[in-house]
There are 2 protein chains.
Amino acid sequence: MNSMPKIGMEPIRRRALIDAAISAIGERGALNVTMSDIAGRAGVSTALAHHYFGGKDDLLFATMRHILAQLGNEIRPAIAPLSGPERVRAIIAVNLSPDQFRPEIIAAWLAFYVEARRDAALGRLFRIYVHRLHSDLMSGLTHLPRARAVHIARGLAALIDGLYLRRALGEGVEDSAAAIALVEDYLDMALAPHPSRGSQPHA
Amino acid sequence: MNSMPKIGMEPIRRRALIDAAISAIGERGALNVTMSDIAGRAGVSTALAHHYFGGKDDLLFATMRHILAQLGNEIRPAIAPLSGPERVRAIIAVNLSPDQFRPEIIAAWLAFYVEARRDAALGRLFRIYVHRLHSDLMSGLTHLPRARAVHIARGLAALIDGLYLRRALGEGVEDSAAAIALVEDYLDMALAPHPSRGSQPHA
DNA sequence: TTTCCTTGATTGATCAGTCAATCAATAATA
DNA sequence: TATTATTGATTGACTGATCAATCAAGGAAA
């Protein structure tokens with residue numbers, strides 16, 4: 001380990017393998033993709049995939065982490081300058097943006113949701129996502145009583161995930177814009193003062 | 001196939017194998033269960049499972065059909081005497097009842113959702129479920145303009161599925177009652193006349 | 001004795017992971 | 001400049017395990 005005796009292929013290969021994994025998962029629809037398939041798509045041998053990632057689980061974990069990081073990188077700047085309902089709207093817009101609503105991304109999400117039930121590391125990753133989404137939503141609902149804000153945040157989160165599911169199945173809401181409209185409609189209703197309804201108090 | 005020269009083990013075995021499949025899927029969290037595992041839980045050999053179901057895919061298909069049929073059998077009598085919002089409330093209550101909210105059932109749902117992306121037969125099965133849920137919901141929203149009813153029905157369906165997802169992950173809404181309360185709250189808001197909001201018209 | 005019921009053993013395929021061996025590029029050296 | 005040592009990059013071939021599916025044979029009721 002003196003200096004740089006060889007070129008730096010590592011980041012390129014890692015990225016290529018992750019992209020290949022997303023592509024493969026998107027096409028097969030589940031995590032039962034083979035290392036051969038992934039490596040083939042990335043244009044390398046299976047041995048190289050093992051060399052860089054250690055094993056299949058590690059590669060899939062890195063893939064999911066990449067997807068989550070990408071989502072985080074889109075959300076952070078989008079909501080930074082906003083507060084209140086506008087902040088919530090931005091979160092919704094990014095989570096359901098055409099970019100996140102791509103079939104292969106949805107397929108990967110769904111497949112990882114399933115896998116997270118068994119894989120402890122994946123489960124932790126998802127819990128981080130769930131918590132981040134929740135606290136992001138809460139940060140736009142500070143003008144409401146806490147209990148009411150929690151209620152709405154949970155509803156929004158479930159709605160977003162539900163729309164993902166239906167998208168994965170190819171049924172229900174058609175495109176990104178329709179999904180966003182649906183969630184925003186929920187938000188509008190929840191924020192609008194309504195006569196006397198609901199189990200939670202509101203301002 | 002003349003009459004009944006031998007006792008009828010078939011329905012008993014089929015049912016036992018389906019129950020075993022649900023149990024196995026619930027425990028492993030995905031569809032990558034083995035025929036050995038399923039057959040073992042049912043107390044028979046793998047060869048017998050093949051004898052009665054033909055192959056693994058057929059067994060899993062029958063398992064999902066059984067779960068969907070069970071849901072249908074619970075919903076039908078529950079909503080038959082009702083109409084309007086009460087009918088919608090009954091649909092919500094059954095879909096999120098403690099019985100449907102069992103971890104192993106949720107796990108099976110989720111796993112089949114994933115598999116339905118590839119398996120055409122499973123996909124058809126799910127489309128039937130989606131359509132039935134939608135038309136059931138619509139039948140309780142006849143007092144609203146059609147466009148508004150469609151909007152609400154889609155929101156309710158997505159919300160229900162989203163709550164399933166979060167339940168599968170073990171995060172978010174805790175139990176059946178909390179999930180029902182969340183969806184009913186959405187329904188209450190959607191049905192309550194609110195000042196001037198939303199992209200869809202309402203009565 | 002016919003007919004369903006049931007199984008153990010086997011087979012063929014798939015796949016993750018390993019390994020020893022090349023290739024290529026740079027840095028040190030003479 | 002030419003040579004050589006060093007090291008990352010890369011692969012083909014192999015292995016061990018897993019698993020769905022098959023089959024031929026052995027019960028047991030009718």
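Because only heavy atoms are used, hydrogens play no part in the values below, and waters and symmetry mates are left out as well, while side chains stay in. Chain letters run A, B, ... following the sequence lines, proteins first, then strands; residues in each count from 1.
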Whole angstroms only, please: what is the [atom1]-[atom2] distance between [X] and [N]?
{"X": "A/His50", "N": "D/dG8", "atom1": "NE2", "atom2": "P", "value": "20 Å"}
{"X": "B/Phe53", "N": "D/dT22", "atom1": "CZ", "atom2": "P", "value": "16 Å"}
{"X": "A/Ile12", "N": "D/dA9", "atom1": "CD1", "atom2": "C1'", "value": "12 Å"}
{"X": "B/His51", "N": "D/dA25", "atom1": "NE2", "atom2": "C1'", "value": "15 Å"}
{"X": "B/Leu48", "N": "D/dC23", "atom1": "CG", "atom2": "P", "value": "17 Å"}
{"X": "B/Lys56", "N": "D/dA20", "atom1": "NZ", "atom2": "C1'", "value": "8 Å"}
{"X": "A/Met35", "N": "D/dT10", "atom1": "CE", "atom2": "P", "value": "15 Å"}
{"X": "B/Asp57", "N": "D/dC19", "atom1": "CG", "atom2": "P", "value": "16 Å"}

Between A/Ala30 and B/Val114, which heavy-atom pair has the shortest distance, and what is it?
->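 For A/Ala30 and B/Val114, the tightest heavy-atom pair comes out as CB-CG1, 3.7 Å.
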Report yes if a side-chain nitrogen or oxygen of A/Tyr52 is closer than 4.0 Å to either non-bridging phosphate oxygen (OP1 or OP2) of D/dG8; otherwise report no.
->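 So the side chain of A/Tyr52 is outside the cut-off, no N or O lying under 4.0 Å from OP1 or OP2 of D/dG8.
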So, is B/Arg13 near the phosphate of C/dT6, with a side-chain N or O under 4.0 Å from OP1 or OP2?
->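 Indeed, a polar side-chain atom of B/Arg13 lies that close.
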For A/Thr34, answer base if it contacts any base atom (sugar-phosphate contacts may also be present), sugar-phosphate if it contacts only those atoms, and nothing otherwise; contact means non-hydrogen atoms under 4.0 Å.
->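 Sugar-phosphate contact only - A/Thr34 comes under 4.0 Å of backbone atoms but never of a base.
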Residues A/Asp175, A/Phe101; criterion side chain to side chain contact (heavy atoms under 4.5 Å, CB included); working and verdict | CA-CA 8 Å; A/Asp175 62 354; A/Phe101 227 50; 5.8 Å; no
Side chains of B/Tyr113 and B/Asp161, donor plus acceptor under 3.5 Å =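 Yes, B/Asp161 and B/Tyr113 have a side-chain donor paired with an acceptor closer than 3.5 Å.
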Of the listed nucleotides C/dT18, C/dC5, D/dT22, the one nearest the side chain of A/Thr46 |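 My answer, after comparing the listed nucleotides, is C/dT18.
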Given D/dG12, C/dG8, C/dA16, the nucleotide with the shortest approach to the side chain of A/Ser45 =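 Of the options given, the side chain of A/Ser45 lies nearest D/dG12.
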DNA chain D: B/Val33 or A/Ala47, which has the more 5' nearest nucleotide?
->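 Looking at the nearest nucleotide for each, A/Ala47 comes out on the 5' side.
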Salt bridge A/Glu86-A/Arg89, side-chain N to carboxylate O under 4.0 Å =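 Yes, A/Glu86 and A/Arg89 are salt-bridged.
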Are the ring centres of A/Trp109 and A/Phe126 closer than 6.0 Å?
->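 Yes.
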